[in-house]
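All ligand and atom numbering here is 1-based and tracks the order in the structure.
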Amino acid sequence: MIYCNKDNVFHLQTKDTSYILRALPSGQLESMYYGKRIRNRDDFTFLYDKHECGYSNASPRSQKDTSLSLDHIALEYSAYGKGDYRLPAMDVLAADDNFTTDFLFSTATVSDYKPELHGLPSSYGESKTLTVILEDKILGAELQLFYTVFEDCNVITRAARLLNKSKNPIHIKELMSMQLDLQRGDYTMLTFDGAWIRERYKHEHKLLPGVTSFGSISGASSNRHNPFFAVKVGSCDELQGECYGFNLVYSGNHIARAEVSTHGLLRIQNGINPFEFDWLLEPDKSFDTPESVLTFSDKGLNGMSQNMHLFVKEHIVRGFWKNKERPILVNNWEATYFNFNEKKILGIAQEAKDLGAELFVLDDGWFGKRNNDKCSLGDWVVNKKKLPSGIDGLAKKINAMGLKFGLWVEPEMVSPDSDLYRAHPNWAIKTDTYEPTQGRNQLVLDLTNPDVVEYIINAMTDVFRYGHIEYIKWDYNRQLSDVFSHRKDARSGEFFHRFILGLYEIWGALTEKFPEILFESCSSGGNRFDLGSFCYLPQCWTSDDTDPLERIYIQSGTSYGYPQSVMTMHVACTPSFACLRQSGIEHRFNVSAFGLLGYELDVTTLSKFDKAAVKKQIEFYKQHRRLLQFGEFSRIGDFFTDNICKWQITSPDKSESMMGYFINRTIPNWGNDVIRFTDLDAEKDYDISTRVQLFSIRNIGEIINTPLPKKIDLEESKLYDFLAETVKLRCEKENYTIGGDALMASGFKPHQPFVLSGYKPGVSRILLDTDSRMYYLKEKSE
Ligand code: DGJ
């Protein structure tokens with residue numbers, strides 16, 4: 001709901017939040033309130049800024065009202081030059097070399113129509129939009145601020161459009177997507193930072209006077225600093241308290257800033273990173289910022305995350321796969337790398353089918369002469385030595401097994417050793433003067449060049465028609481460097497943004513041509529895990545790190561801003577390729593089950609024991625797929641600081657729920673544990689059960705010998721190896737019927753954790769270092 005009240009006060013209301021702003025009599029826009037929903041009323045003067053006495057040493061905007069200092073007031077969008085000394089949201093340079101601007105309120109309208117942002121993806125669905133127009137008559141420009149209200153998920157999105165109405169060009173040096181000034185408070189910013197195979201770790205920054213800022217200048221939204229961030233108030237934690245969440249619908253260089261001013265206000269901004277940004281806005285042209293996403297929750301960080309999750313599920317992801325359950329896949333990358341042939345691939349696919357998988361994905365190495373990562377990107381011709389019957393023949397054989405077939409591509413790249421590069425060296429991003437820096441032995445194609453965009457669309461159209469392909473993994477394995485375009489009309493200050501506009505054109509064209517292909521974005525894992533890509537490609541390979549302990553950090557961090565339905569999670573081999581850590585097959589599954597499940601290991605070489613476990617895992621996942629992919633997710637505890645954390649995923653009608661219980665380091669002799677749930681229906685009764693998890697006798701070492709009259713040699717004995725493969729110990733069972741009220745208040749006490757002196761098979765709760773359980777709750781039927 002959007003109310004336009006007297007005195008140009010605008011009240012935007014979602015299900016649980018209110019956002020209030022007004023046009024000051026002097027023309028600037030004041031931020032009055034953003035937080036828990038309040039009733040609309042005629043009179044909001046109690047929230048107006050009070051400045052009757054004025055401030056010495058301030059620079060009042062005008063001599064007409066010397067008490068109004070823009071430096072002291074919460075503003076919706078600020079510029080430089082009229083006395084606000086915090087970082088502005090806009091920085092433009094007029095043709096007369098002037099960088100002072102003064103945009104003042106002109107009109108405001110409310111519509112059901114959401115303005116399209118030129119060349120950029122954005123959210124969609126039932127909403128209302130407030131458009132506020134401000135004008136700077138001296139500059140000759142109009143600033144349109146869009147506020148779109150999504151009531152259902154407590155999200156307000158914002159974007160800005162600058163229109164040049166003058167006769168001269170204007171340089172845009174910076175144009176943020178939004179600015180939000182909040183009142184004095186105790187704020188902590190949460191950012192999600194990392195690197196390749198260590199993506200989106202949570203970091204907390206206490207906000208003190210000055211600027212806290214993060215962003216990316218690598219050309220992509222990046223694995224260094226994800227565009228999503230949160231700001232919590234005071235003692236807010238996962239389950240209680242007030243907090244805000246922010247994101248950006250953009251896949252390129254971005255920035256976010258939180259500035260606590262000398263007068264105690266908190267200014268938050270996000271948008272395109274101003275690094276080397278200089279957009280020439282010709283007369284009568286406009287420039288649109290990417291869309292910024294804002295939410296507020298008074299139900300702790302989980303409330304904030306659930307708002308964001310619903311927003312992504314309902315208003316970002318679109319098309320054929322939007323609400324469809326995703327297939328369980330097996331991917332050959334970590335099984336074979338580049339070293340495969342059709343026989344090996346068919347062997348993996350057949351085993352995958354026998355285990356219950358539904359989709360086989362052929363990864364890198366199927367084209368050109370690509371037997372390593374030093375060549376052939378750009379030459380999308382099937383390698384007939386490896387695959388004599390081509391993609392078509394292979395897809396047919398895999399389909400005949402009853403599996404869907406998917407394929408890997410990396411279309412934005414070119415290897416210097418490729419026919420494409422030899423034919424079009426200037427299609428690669430590189431300067432004329434420096435030797436181009438390569439990343440993974442490859443260069444990036446210049447997507448600011450329309451010829452390149454057209455080439456990629458055509459080349460991929462051909463590839464996607466090579467056979468019956470139902471899934472595409474779209475990879476992107478390096479950062480930009482040596483940024484320069486050989487296009488005639490190129491301007492370097494526009495490069496980074498035009499690169500992303502080119503990418504969106506490609507994704508737009510291909511997803512329109514192939515609406516039923518399931519696209520998974522990937523960029524060495526999660527280097528482009530952002531809302532811009534989710535507008536086209538509905539899921540993303542979360543990280544190249546498949547070690548389950550690392551994945552708990554990565555998936556927990558990612559879950560603050562993104563739902564399970566966009567995160568792909570694969571069970572891989574042990575020790576992990578990323579960090580050589582050992583882990584059990586059941587634990588790897590438990591971590592991968594809270595999202596889009598896959599297996600990324602050589603399933604043909606799995607032990608008998610692991611095969612039996614995997615078969616059961618896939619059966620279990622199929623039974624609960626809807627819940628695990630599309631349920632409402634919560635975190636209980638914080639793995640970044642605690643030894644134990646829990647994930648819980650609950651159906652929207654609260655009739656069922658799944659908990660993942662994860663322990664980092666086992667604790668000897670630690671007494672009783674209590675497991676509490678959240679998000680249930682207090683009135684309902686639930687049957688609780690433990691997912692049956694298999695243990696090998698290898699997990700209990702010499703204990704196996706205690707009851708036996710003759711000891712088995714654990715080092716050398718064939719008998720021991722045989723027993724280890726065939727004897728399947730089962731984990732303890734918890735079988736209770738408990739009310740939702742009790743599960744959320746008292747919780748329940750599971751079986752006693754294993755202690756040396758009293759091991760009881762099937763009863764003792766064995767939790768190894770880096771281990772887990774899954775508990776399933778089902779509403780008790782009458
Ligand atoms: C990086 C991806 O993240 C991997 O899963 C794999 O597809 C390789 N690229 C292939 O080169």
Tell me which donor-acceptor pairs under 3.5 Å the side chains of residues 385-393 have, and how far apart each pair is, sequence neighbours excluded?
from	atom 1	to	atom 2	distance (Å)
Lys386	NZ	Phe338	O	3.0
Lys386	NZ	Gly365	O	2.7
Lys386	NZ	Arg370	O	2.9
Lys386	NZ	Asn371	OD1	3.0
Ser389	OG	Glu342	OE2	2.4
Ser389	OG	Lys397	NZ	3.3
Asp392	OD2	Lys396	NZ	3.1

| Relative to each other, are the rings of Trp427 and His424 parallel, tilted or perpendicular (30° and 60° limits)? | parallel
| field | Closest contact, heavy atoms only, Thr461 versus Leu510 | value | OG1-CD2, 3.6 Å
| said: Give me the atom names and distance for the closest heavy-atom approach of Asn477 to Ser524. | reply: OD1-OG, 2.7 Å
Tabulate below the donor-acceptor pairs under 3.5 Å that side-chain atoms of residues 594-604 make, not counting sequence neighbours, or state none.
from	atom 1	to	atom 2	distance (Å)
Tyr599	OH	Gln617	OE1	2.7
Glu600	OE1	His570	ND1	2.6
Asp602	OD1	Thr604	N	3.0
Asp602	OD1	Thr604	OG1	2.5
Asp602	OD2	Lys344	NZ	2.7
Asp602	OD2	Thr604	OG1	3.4
Thr604	OG1	Lys344	NZ	3.4

| said: Please enumerate all residues that pass salt bridge (Lys or Arg N to Asp or Glu O under 4.0 Å) together with Lys353, with sequence neighbours excluded. | reply: none
Tabulated below should be the N or O atoms of ligand 1 paired with protein N or O atoms at under 3.5 Å; can you produce that?
from	atom 1	to	atom 2	distance (Å)
ligand 1	3 (O)	Gly525	N	3.1
ligand 1	3 (O)	Asp544	OD1	2.4
ligand 1	3 (O)	Asp544	OD2	3.2
ligand 1	5 (O)	Lys473	NZ	2.8
ligand 1	7 (O)	Asp363	OD1	2.7
ligand 1	7 (O)	Asp363	OD2	3.2
ligand 1	7 (O)	Trp408	NE1	3.1
ligand 1	7 (O)	Lys473	NZ	3.0
ligand 1	7 (O)	Asp475	OD2	3.3
ligand 1	9 (N)	Asp475	OD2	2.7
ligand 1	9 (N)	Asn477	ND2	3.3
ligand 1	11 (O)	Asp364	OD2	2.7
ligand 1	11 (O)	Arg440	NH1	2.8
ligand 1	11 (O)	Arg440	NH2	3.0

